[in-house]
Amino acid sequence: MASGVLFDIDFFEPHIVVYLLEDDGHFWRLTTPFAHTVYLWGSRRELPAICRLAETSRVVALSGWVTRLEFYSNRPRRVMAARVVRQAGLKELYRRLTRSCLSAEMYDSTLDPAQAWLMARGLHPLARVVWQASRGRLIHIQPLDTPWDPPFAVPPLKTLHLRLEQPTSTPMVQNALRIEMDGRRDSLPLRRPEEVIRGLNDWIQRADPDVIWSREGDGAIFPWLVEQAAGLGLPLTLDREPQALHRRVERTGKSFMVYGQVVYKAPSYPLMGRWHLDEQNSFFLRESGLEGLLEMARISAIPVQRMARSSAGTALTNMEIRNALLAGFLIPSRKTQLETPKTALDLLRVDKGGLTYFPPAGMHEQVAELDYAQMYPTIMLIHNISPEVINCPCCPGLQPVPATGYHTCTRRAGLIPQTIRPVLKQRASYKQLKRKAATPAERRAYEQRYSALKWMLVTTFGYQGYKNARFGVIEAHEAVTAWGRESLLRAKEYAEDAGFSLLHALTDSLYLVKNPPFSDESLTGLTERVNRATGLDLALEGVFDWICFPTSKITPNLSAATRFFGRFASGEVKVRGIFLRRKDIPHVIRTAQKEMLEAMARCKTIAELTARHNEVLEVFRHHRNRLQSGGVTREELFFKLRVSRHLADYKSNSPASVCLRLLARRGIQPQPGQSVRYVIVDRRASDPLHRYLPEPLASERPCYEVSAYLELLQAAYDELAGELPCHWPDMAKRTHQLRLF
DNA sequence: GAATTATTTTA
DNA sequence: TAAAATAA
């Protein structure tokens, strides 16, 4: 018996390949035969035909009748088990079955074989395991931990870093590949492809890294390597496999719509036996680092490289599938449309999001902010909200959901609550561990895992309303927001009972004032009362010395519901929605606004803000001078935009369409969902193509329109100071001015 | 293989 | 009015 960590797993039909890191550092590649099982079902009339079709397809081999539970009805169902003998043919078989037999269903068929193997053995990526092997064959393997044993340690990993020396917009022949590992580095010019491929093979062979950590590996480096290697007839030995593998070149990724926005996903180049992680092509790596990614891989049982390129929704679906399988349920291959028909009136009543109030515009002193912690996930947990139990036939009228006419089940525990319960618990335990961490590195690790779980929980709610979610129905989504609105209103009511008045409220947070000023005890009393009534966790976020809700630009008498900034009693500032939070605004402007706000945050009262306003003006003048004298770098001047469509589909001369046209001339074609950075060059130029300049071209004409940036600086200032009595109007010169940088 | 709605502001 | 951005 050997012990260590389950590093990775792959399916290489008809074998599972398991990669293990032994405690003494030894690396193992072991195989074990595996065939995944799917379950066929259909109406009594069609079932014989379904089985016959399946049998003759030679994609599966029928292995006998078994009984499993149907997920939505919770009733036993007789199904025909079938061993998959040709995984690649499964999708086509499913299509043929459903085409010729309307009632046909092939349960468990969307499970990835490697993941099915993991689930069947109670294993997960990075599990601590003991195993037995003989001549490269895995005989036995057993987990020593579960994903819910939080203080897991990441084993030491040998990491090789890959990136391009120049931005990817540079033509590849002028670029070079930078390789770095353990302080040694190399730079291979791409104009000599043969040397690059031999050089990289050499590095990998000598260093035998566990991880290849890249920047733009998926989008640029690997497609280039694979193409060149194929062209030269050279092997590319990136994998830890006995033979070099052949890969197809995939250049263009996919653009798809998510919540009305186009998202771009680069193609992916996973490796066998080592992880290729592209920090540019991974949501979790970007948002919560390697520790966060590994946490997600563990709890969702998705192999690390796939997890790196997946969304929180995919992780959630996998966790749900795992729990459903453990409970003996059949996994439907498609989303079941359970939504009951609604009248227009029902829609009007039910289909709402979170509650929004409009705060009185302007500056306010002594404001308390109260937030519900993890409001939506907690609601799903305590009210048992899940697609298969919402509006169940067994308990109508017992547990009504406020203002919806819906009800929840009192008999069957829903899959969603079961799935998020351990996540909420784990998140809480990382919060503790983070506080008690002995070293900064340890604290950082727990922070990253905590952050990954936060993303996971945010998604559980949104996913309920997602049209393609496997386990989601819109009623569940609506029930959650209904409880959310109810809980916020309850808090408002209790706050007003206790003599507070509501300044602002948004989805899960309340902003309260009290006259005479409140005490900490009165707030604690309030949160305790609310929490007893709602079962949720309302807690004090902090007390603002002052907070400002800027006036809306569209309705000048009102404030904007989603923008504010303020100073907590601790001296810390909190900011939402204003320029410095926006990623599309140039750095000069964001920095200037940040510094102006810092000057304001040194003041504890509105009177002081008024008296010391000169300090804010000084910051303003400093940045105005920088802009006027050309003392800014190009980097600080870039706007950022997300391409939403193909060049031909743009109708106006918007910055996006101008940038795409200019880039297209150089053969650069950003896909919808990718982002482009540009500088404003001259908004009044008669030729629209001279108005804006996208990133790689900006060096050719190092010029910017000073007045455009000054106007924006002025707006940034106005956003902060507009509500103060000492407003200095129009401090930016509006003369049209162009300048080199 | 892909989370949602509400809101703001600009072209 | 549509599009693109943020808050939660």
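By convention in this document, chain letters (A, B, ...) are assigned in the order of the sequence lines, proteins followed by strands, and residues within each chain are numbered from 1. In this text, all values refer to a predicted model and were calculated from it rather than measured experimentally.
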Ring pair (Phe, Tyr, Trp, His ring centres under 6.0 Å) partners for A:W546, two or more places apart: none

Among the nucleotides [options], which one has an atom lying closest to any side-chain atom of [X]?
X	options	value
A:K583	B:dA3, C:dT6, C:dA4	C:dT6
A:T562	C:dA7, C:dA4, C:dA8	C:dA7
A:A561	C:dA8, C:dA4, B:dT7	B:dT7
A:F564	C:dA4, B:dT4, C:dA8	C:dA8

What does [X] touch in the nucleic acid at a heavy-atom separation under 4.0 angstrom: a base, only the sugar-phosphate, or nothing?
X	value
A:F358	sugar-phosphate
A:S310	sugar-phosphate
A:R306	sugar-phosphate
A:S509	nothing
A:D584	sugar-phosphate
A:L316	nothing

Looking at the rings of [X] and [Y], which for Trp means the six-membered one, are their centres under 6.0 Å apart?
X	Y	value
A:F639	A:Y709	yes
A:F222	A:H276	yes
A:Y511	A:F564	yes

For [X] and [N], is the shortest distance between a side-chain N/O and OP1 or OP2 below 4.0 Å?
X	N	answer
A:R582	C:dA4	no
A:S311	B:dA3	yes
A:T356	B:dA6	no
A:R576	C:dA8	yes

In this structure, how many angstroms lie between the [atom2] atom of [N] and the [atom1] atom of [X], rounded?
X	N	atom1	atom2	result
A:F461	B:dT4	CZ	P	10 Å
A:R485	C:dA8	CZ	P	18 Å
A:K454	B:dA3	NZ	P	16 Å
A:Q464	B:dT5	CD	P	13 Å
A:E475	B:dT4	CD	P	16 Å

Hey, are A:R691 and A:E705 close enough for a salt bridge, meaning a charged N less than 4.0 Å from a carboxylate O? no

Comparing A:T459 and A:F579 on DNA chain B - which has the more 5′ nearest nucleotide: A:T459

